[in-house]
Amino acid sequence: LFVFHPAKISQQTEFLIDQYLLNGGTVIACLDAHSVSAQMLGGGNPMMGQAGTPTTSTLPTLLPAWGVKFTSQQVLADPVHSTLLGGNRKGVAVLSLPQSAMPNKDSIITKNLESITLYLPGAFEVTASAGVSASSLVRSSKFAGFVDSTKASQLDPSIENNVKADGTAYDLVTYLSGNFKTAFPDGKPKDELAEETSEGAPKDTPKEESLKQAIKPGNVFLVADIDAFYDRFAY
């Protein structure tokens, strides 16, 4: 199951992903702290009442249940892996990540990659839940830190001096595997947009049974950027 930039995802959709994973499914989820592509295609900020596709996306219910924190309010800057852009501008939040940033040397996903470039990515902090193992496939240097997404999108040179590293190497691509537990222990969430009866009251439907824990091991791949998948940003 490929989940790409799930901006404003509903709990009902997250529940379907949850149940698919508990059945032994494999989920690839590409999230973003500030998508340049969405911005160029008319991205908006729902917090400001702006229309359009939001530039940020996350899985607000699933990630905590999986033992993952995703920073989507700021973007990750990394002076070690900064990219030299047109006009001799230094993009500290445009990360060019070589093989040395891919710690799992046996991974079939990354072992043949020379490098990847992520544009204004978010970052994952992973503890993983019980019964689930975590493996970092791509990570930042320990000199990385979070900066203002708006300034980063404008390539504001001042952000280079505002990177406050705490010695943490953040995950940019993460692999989780194992026997997951549901993120919805109370079952399927109520659909706020459910059709109503002619009397105006919600239909009284029986509670659906749902899985509470995995019946087969599942797999989750998390990517902290979506812009890397657009041809215009590939080079």
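Quick note: numbers below take in every heavy atom, side chains included, and nothing from hydrogens, waters or symmetry partners. Quick caveat, the model's predicted, so the values are computed rather than measured.
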| request: Assess whether atom CD1 of I215 is packed by more than 12 heavy atoms of other residues, nucleotides or ligands within 6.0 Å. | output: yes

| Residue among N104, V126, L172, D171 satisfying side chain to side chain contact (heavy atoms under 4.5 Å, CB included) with S136 | D171

| Trace of the side chain to side chain donor-acceptor pair (under 3.5 Å) decision for D32 with S57 | CA-CA 5 Å; D32 213 315; S57 57; over 6 Å; no

| When you look at N219 and Y175, which way does the side chain to side chain donor-acceptor pair (under 3.5 Å) test go after all the steps? | CA-CA 7 Å; N219 302 281; Y175 170 47; 2.6 Å; yes

| field | Donor-acceptor under 3.5 Å (D166 side chain, T168 main chain) | value | yes

| request: State whether the number of non-hydrogen atoms from other residues, nucleotides or ligands found under 6.0 Å of K69 atom NZ is greater than 12. | output: no

| said: Side-chain heavy atoms nearer than 4.5 Å, only ILVMFWY residues, links allowed to pass through others: does that put V80 and L137 together? | reply: no

| Interatomic distance, L16 atom CG to S10 atom OG [nearest 0.5 angstrom] | 8.0 Å

| query | When you measure from the side chain of D78 to the backbone N and O of S141, does any donor-acceptor pair fall under 3.5 Å? | reply | yes

| message | As a quick check of understanding, evaluate side chain to side chain donor-acceptor pair (under 3.5 Å) for S96 and S115, giving each step before the final call. | response | CA-CA 7 Å; S96 294; S115 67; over 6 Å; no

| task | For F229 and C30, run side chain to side chain contact (heavy atoms under 4.5 Å, CB included): C-alpha distance rounded to whole Å, both residues' side-chain angles, the deciding distance at 0.1 Å, then the answer. | result | CA-CA 10 Å; F229 293 89; C30 300; 3.7 Å; yes

| request: Could you check whether the rings of F4 and Y230 sit parallel, tilted or perpendicular, using 30° and 60° as the cut-offs? | output: tilted

| Is the side chain of E14 donor-acceptor paired with the backbone N or O of T61 at a distance under 3.5 Å, no angle test? | yes

